[in-house]
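Contents: one structure, followed by commentary.
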Amino acid sequence: MAIKFDDWQDVKVAFEVARLGTLTAAAEVLNVHHSTVLRRINSLEKNLDTRLFHRHARGYKVTEIGAKLFTTVQTIDSSLEQLHNNIAAADSTLRGSLLLTTVSGFMDVLGDVCEEFQALHPQVQLEVILEQKRLRLDHGQAHIAVRAGPRPDEGDYIAQHLTQLTSSLYANKRYINKYGMPKTLSDLQHHNFVSGVAGFNARVPYFEWADKHIPSQQIKLRVSETSEATRAIIKGLGIGGLQHGVAAQYNDLVPILHSELSWPTDVWLVTHHLVHRTAKVQAFAGLLKAHFNKPQTLK
């Protein structure tokens, strides 16, 4: 039985299940509910009148006919990606949309660059996607990514080192007036801290350090976004790690034990090789590089 065009979304969902092996993993990648994935698989199998998966306790394994279908789907998916990127690469004008992805806490760092870009190129609509999960540049989910941490190593991506940002401990003056200023590392045992929620900490060096060295009862607030951690520290809810340039924007923040504690993080400009040379990407990348070539503000 031929697959109808209306069935294509079912095929895409089933393909993710075949690739990842479980409904839960596919649902997370597709950002849909577990039941939606199951419904679409059942619908596709009904339309094809065949089983595409063997269900077992550890997940879903494709049948022989399923393997043939998904091999074809992989070819089609790759062709569509190539077409999308070729169209994007042909864009040599400074108009339309430019999609930038980064984590929420980086908007404090990138805000000046975005403002300058908008002033220079008013015909380009800048869309900033704040997402902890890494979007697929090869799928056209974004044109530019600004990532922190180890060098990205995806094969078709171009990763350029922008800078190394350093974070240290800060607290609001109100907090210091209430609880006192820690003068030694041992003094930290008498203070409250802001950190990240479980599963998020490994992405932020300060959060990771706090989990290893600060007793859980001293961590009075945990957040899932670095921007919310910044707000909590500014509000005086506890001591926390902030990038120096971000902390410098707030007069009520004071540094704590900077000579003893700091966390450097490499920052990367990441693009897909097929859109790397487009006018919009190059224009924004140029401003990013110029911005990060300036000396980092310390406080």
Side-chain angles (χ1 to χ4, degrees), residues 100-116 126-135 145-149 162-182 188 191-214 216 218-269 288 291-292 294-299:
L100 167 68
T101 180
T102 190
V103 295
S104 63
F106 262 71
M107 275 310 297
D108 284 328
V109 178
L110 300 178
D112 290 344
V113 179
C114 293
E115 181 179 4
E116 185 177 3
L126 182 60
E127 299 183 27
V128 181
I129 307 167
L130 304 177
E131 178 61 69
Q132 298 299 339
K133 287 191 264 185
R134 293 191 169 187
L135 299 185
V146 177
R147 295 179 178 172
L162 286 175
T163 190
Q164 186 178 79
L165 298 178
T166 302
S167 299
S168 295
L169 294 180
Y170 288 87
N172 189 284
K173 291 177 182 177
R174 294 193 309 276
Y175 176 90
I176 297 300
N177 291 337
K178 186 174 181 180
Y179 295 100
M181 170 67 81
L188 295 179
H191 286 272
N192 302 327
F193 287 81
V194 175
S195 188
V197 298
F200 178 61
N201 292 0
R203 307 175 197 171
V204 182
Y206 157 69
F207 288 167
E208 189 173 25
W209 172 86
D211 261 6
K212 291 180 179 178
H213 297 92
I214 302 299
S216 58
Q218 288 181 244
I219 301 177
K220 301 301 183 180
L221 179 66
R222 293 184 180 273
V223 298
S224 61
E225 298 282 351
T226 50
S227 59
E228 297 308 314
T230 300
R231 291 189 180 94
I233 297 164
I234 293 167
K235 291 292 184 181
L237 299 181
I239 296 172
L242 292 176
Q243 191 269 320
H244 292 312
V246 173
Q249 300 175 30
Y250 302 96
N251 294 328
D252 289 338
L253 293 180
V254 294
I256 297 173
L257 299 173
H258 277 197
S259 60
E260 289 86 353
L261 293 171
S262 64
W263 300 275
T265 302
D266 289 309
V267 180
W268 304 89
L269 165 65
L288 271 177
H291 174 78
F292 285 115
K294 300 174 185 176
Q296 184 181 348
T297 302
L298 298 177
K299 185 175 178 182

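Residue numbers start at 1 and run along the sequence shown.
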Could you measure the distance from the [atom1] atom of [X] to the [atom2] atom of [Y]? Nearest 0.5 Å is fine.
X	Y	atom1	atom2	result
L126	E115	CG	CD	12.0 Å
Y250	L242	OH	CG	9.0 Å
H244	L165	NE2	CG	9.5 Å
I176	L253	CD1	CG	10.0 Å

*asked:* Under the rule for salt bridge (charged side-chain N to carboxylate O under 4.0 Å, His left out), what residues qualify as partners of E260, not counting sequence neighbours?
replied: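 Expected list: none.
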*Mind checking salt bridge (charged side-chain N to carboxylate O under 4.0 Å, His left out) for R174 and listing every partner two or more places apart, or none if nothing turns up?*
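With neighbours one apart ignored, the set is empty.
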*Take K235 and N172 through the test side chain to side chain contact (heavy atoms under 4.5 Å, CB included) and record every step on the way to the result.*
CA-CA 7 Å; K235 291 292 184 181; N172 189 284; over 6 Å; no
*If you look at every heavy atom in L221 and A232, which pair is closest and at what distance?*
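Smallest heavy-atom distance, with atoms named: CD2-CB, 3.4 Å.
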*Check whether any side-chain heavy atom of P182 lies under 4.5 Å from a side-chain heavy atom of I239, and answer yes or no.*
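In short, these two side chains touch, coming nearer than 4.5 Å.
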*State plainly whether the residues D266 and R147 are in salt-bridge range, i.e. N to O under 4.0 Å.*
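A salt bridge is absent here (no side-chain N lies under 4.0 Å from a carboxylate O).
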*Could you list the residues that satisfy ring-ring contact (aromatic ring centres under 6.0 Å, His included) with W263, not counting sequence neighbours?*
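Here the qualifying residues are Y206, W209.
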*Geometric class of the H191/Y175 ring pair [parallel <30°, tilted 30-60°, perpendicular >60°]*: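 Tilted: the ring planes of Y175 and H191 meet at 30° to 60°.
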